[in-house]
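Notes for the one structure printed next.
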Amino acid sequence: MSLKAVLFDFNGVIINDERIHLQLIDEILVQENLQPQKVQERQASLGRSDRACFQELLANRGRVVSEDYVTGLLNRKAQAYALELEKLDKLTIYPGVEDLIYQVRSRNLKLGIVSGALRTEIDLVLNRANLAEYFKIIVAGDDITTSKPHPDGYLLAIERLNQEYPELNLQPQECLAIEDTPAGIGAAKRAQIQVLGVANTYPFHMLQRCCNWTVDYLSELELERVQAVFSGNKSQPSLTEC
């Protein structure tokens, strides 16, 4: 078995924008004459799709709405998100992201993104950060009906990679997922994908218990060590494993 593809989560792994998302969700709830998120609701929302979050938040507040209504809220949030990014002189891309992309490409591995964010939000960030050309395969929150920790997004990414590169014959066990939340980690593991946890959102010790590898920062990752584990070469040390 060898490593063939690296699948990135987006919010909390590529861009540090969780604060913006939580703020915008609260603003929309207030506009809907509803209470903003409680602390535990904020924690529960991390790593999940906006649609799943809004559905749960509305249900928690006794509001029964249609799917179209939720879609309207998502569109309002996406528009507000674009306006918030316009205010930033520079996007808060996490250190080590560009270097890791270079490492992945230099080893002829495939790249993908699996996220609960809307495609418009992902494209906006990737284009502005000059990263769009590296990600042919993107599974966004509007591509699937479920949310992490369900594995559907990862399984769809593998399907699309095999469609784009038929000779790849990619299997889940030949992928590495990079995640920062328990929901995302759970989704990858349910898809039979090994996981690198990066402590951007949760403490290192929490991720270490449930990931194959854990780092404080992506810049600490030495991809050749991970590849050695995939290939069964135990002569090289691996990163922290559970």
Check your understanding: Can a salt bridge be assigned to the pair Asp143 and Arg160 using a cut-off of 4.0 Å between side-chain N and carboxylate O?
Key ->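 Yes, this pair counts.
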Is there a side-chain contact between [X] and [Y] in this structure, where contact means two heavy atoms from C-beta onward sitting under 4.5 Å apart?
X	Y	result
Val6	Lys110	no
Asp142	Thr120	no
Tyr94	Val13	no
Leu196	Val226	no
Ile20	Leu85	yes
Leu221	Val198	no
Ile158	Ile193	yes
Gln173	Gln194	no

Mark yes or no for whether [X], through its side chain, and [Y], through its backbone, hold a donor-acceptor pair below 3.5 Å.
X	Y	result
Glu220	Val215	no
Asp26	Gln37	yes
Arg61	Leu57	yes
Ser147	Ser49	yes
Glu174	Gln171	yes
Arg63	Glu32	yes

How close do [X] and [Y] get, counting heavy atoms only, and between which atoms?
X	Y	result
Pro172	Ala191	CB-O, 3.1 Å
Gly12	Asp17	N-OD1, 4.3 Å
Tyr202	Pro182	CE1-CD, 3.4 Å
Ala132	Asn127	CB-OD1, 3.2 Å
Gly197	Leu207	C-CD1, 4.0 Å
Val195	Leu176	C-CD1, 4.1 Å

**Study point:** Intermediate values then yes/no, salt bridge (charged side-chain N to carboxylate O under 4.0 Å, His left out), Glu84 and Arg19
**Key:** CA-CA 11 Å; Glu84 288 297 316; Arg19 177 192 60 80; 5.9 Å; no
Any side-chain donor near an acceptor of the partner, [X] and [Y], under 3.5 Å:
X	Y	result
Glu222	Gln103	no
Glu27	Gln23	yes
Asp180	Asn200	no
Glu18	Asn11	no

Separation between [atom1] of [X] and [atom2] of [Y], rounded to the nearest 0.5 Å:
X	Y	atom1	atom2	answer
Ile122	Ile14	CD1	CD1	8.5 Å
Ser45	Ile25	OG	CD1	5.5 Å
Asn16	Thr201	CG	OG1	7.5 Å
Arg105	Ile101	CZ	CD1	8.5 Å
Glu164	Glu167	CD	CD	9.5 Å
Glu121	Ser115	CD	OG	8.5 Å

Exercise for review: Kindly determine whether Gln227 and Arg107 satisfy side-chain contact (heavy atoms from CB on, under 4.5 Å), including the steps that lead there.
Suggested key: CA-CA 10 Å; Gln227 281 189 284; Arg107 287 167 173 76; 2.7 Å; yes
Practice item. State which residue, out of Leu46, Thr181, Val114, Ile185, fulfils the side-chain contact (heavy atoms from CB on, under 4.5 Å) condition with Lys148. Key: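 That would be Val114; it is the only one of Leu46, Thr181, Val114, Ile185 passing the side-chain contact (heavy atoms from CB on, under 4.5 Å) with Lys148.
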Practice item. Applying side-chain contact (heavy atoms from CB on, under 4.5 Å) between Phe54 and each of Val65, Thr71, Leu73, report the one that passes. Key: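 Between Phe54 and the candidates, side-chain contact (heavy atoms from CB on, under 4.5 Å) is satisfied uniquely by Leu73.
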Review point. How far apart are the C-alpha atoms of Lys77 and Asn75, what are their side-chain angles, what is the distance that settles it, and do they pass the side-chain contact (heavy atoms from CB on, under 4.5 Å) test?
Key: CA-CA 5 Å; Lys77 178 180 170 291; Asn75 291 337; over 6 Å; no
Check your understanding: Is the gap between the ring centers of Phe8 and Phe135 under 6.0 Å?
Key ->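 Centroid separation for Phe8 and Phe135: below 6.0 Å.
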Is it the case that one hydrophobic cluster holds both [X] and [Y], taking links as side-chain heavy atoms less than 4.5 Å apart, direct or via other members?
X	Y	result
Leu24	Leu74	no
Leu88	Val125	yes
Leu100	Trp213	yes
Leu126	Leu124	yes
Ile137	Leu118	no

Review point. Do Glu41 and Asn60 pass the side-chain contact (heavy atoms from CB on, under 4.5 Å) test, and can you show the C-alpha distance, the side-chain angles, and the key distance before you say yes or no?
Key: CA-CA 10 Å; Glu41 289 176 326; Asn60 289 348; 3.1 Å; yes
Exercise for review: Check the pair Ile28 / Gln31 against side-chain contact (heavy atoms from CB on, under 4.5 Å), numbers first and verdict last.
Suggested key: CA-CA 5 Å; Ile28 289 176; Gln31 291 166 7; 4.1 Å; yes
